[in-house]
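This report refers to the structure that appears directly beneath it.
Excluded from the calculations below are hydrogen atoms, water molecules and symmetry mates; all remaining heavy atoms, backbone and side chain alike, are included.
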Amino acid sequence: QVQLAESGGGLVQAGDSLRLSCAASGRTFGSHAMGWFRQAPGKERGFVVGITWSGGSTCYLDSVKGRFTISRDNAKKTAYLQMNSLKPEDTAKYYCGAGPFGSRRPSDFGSWGPGTQVTVSS
């Protein structure tokens with residue numbers, strides 16, 4: 001079992017960058033594919049990006065391709081989401097979860113952390 005905790009969110013202006021971190025506890029982090037999801041007020045949680053357990057493959061929501069980059073360091077039990085050229089529509093609470101690579105359904109993921117808020121002003 002793995003427990004996750006997100007950090008790194010904040011209030012930024014459009015065009016700025018942020019790097020989110022997802023720190024894991026437990027011995028099995030390196031065996032889990034990971035995903036970042038986000039949820040804006042009044043909306044459902046939606047997929048943003050996923051990465052395999054090895055970091056060898058990634059998949060992105062079309063609207064973040066070229067702006068966001070996911071990575072992971074299994075030795076540090078941490079996954080990262082580098083977000084560049086942020087837009088107001090990226091405003092949401094961001095969550096990381098453990099789940100099958102290639103799935104974009106939140107219901108397939110577990111071990112959710114409490115999330116970290118990202119607010120992008122125009």
- Smallest separation among heavy atoms of Ser122 and Pro88, with atom names: CB-CG, 3.8 Å

- Message: Let me confirm one number: the CD1-CD1 distance from Ile70 to Ile51, rounded to the nearest 0.5 Å.
- Response: 5.0 Å

- Query: If only atom types and distance count, is the side chain of Glu6 paired as donor or acceptor with the main-chain N or O of Thr116 below 3.5 Å?
  - Reply: no

- All heavy atoms of Ser54 vs all of Arg72, minimum pair found to be C-CD, 4.5 Å

- Task: List for me each residue that meets salt bridge (Lys or Arg N to Asp or Glu O under 4.0 Å) alongside Arg67, sequence neighbours excluded, and say none if there are none.
- Result: Asp90

- Query: What's the spacing between Met34 CE and Leu81 CG if we round to 0.5 Å?
  - Reply: 11.5 Å

- With sequence neighbours excluded, tell me which residues meet salt bridge (Lys or Arg N to Asp or Glu O under 4.0 Å) with Arg45. none

- Query: Restricting to pairs with a member in residues 50-88, which pass ring pair (Phe, Tyr, Trp, His ring centres under 6.0 Å), not counting sequence neighbours?
  - Reply: none

- Has the side chain of Ser111 got a donor or acceptor atom that lies under 3.5 Å from a matching backbone atom of Val2? yes

- Message: Lys65: which residues meet the salt bridge (Lys or Arg N to Asp or Glu O under 4.0 Å) condition with it, sequence neighbours left out?
- Response: Asp62

- Message: Quick check: closest heavy atoms across Ala92 and Ala40, and the distance to 0.1 Å?
- Response: CB-N, 3.9 Å

- Message: Using every non-hydrogen atom in the two residues, find where Trp36 and Ala79 come nearest and quote the distance to one decimal.
- Response: CZ2-O, 4.1 Å

- When Gln117, Gln39, Arg38 are each screened for side chain to side chain donor-acceptor pair (under 3.5 Å) with Tyr94, the one that passes is Arg38

- Message: Nearest 0.5 Å, please: how far is OG1 in Thr28 from NZ in Lys77?
- Response: 8.0 Å

- For Phe109, which residues count as a ring-ring contact (aromatic ring centres under 6.0 Å, His included) partner, sequence neighbours excluded? Phe37

Quiz: residues 8-23 side-chain donor-acceptor pairs under 3.5 angstrom, not counting sequence neighbours:
{"from": "Asp16", "atom 1": "OD2", "to": "Gln13", "atom 2": "N", "distance (Å)": "3.1"}
{"from": "Ser17", "atom 1": "OG", "to": "Asn84", "atom 2": "OD1", "distance (Å)": "2.9"}

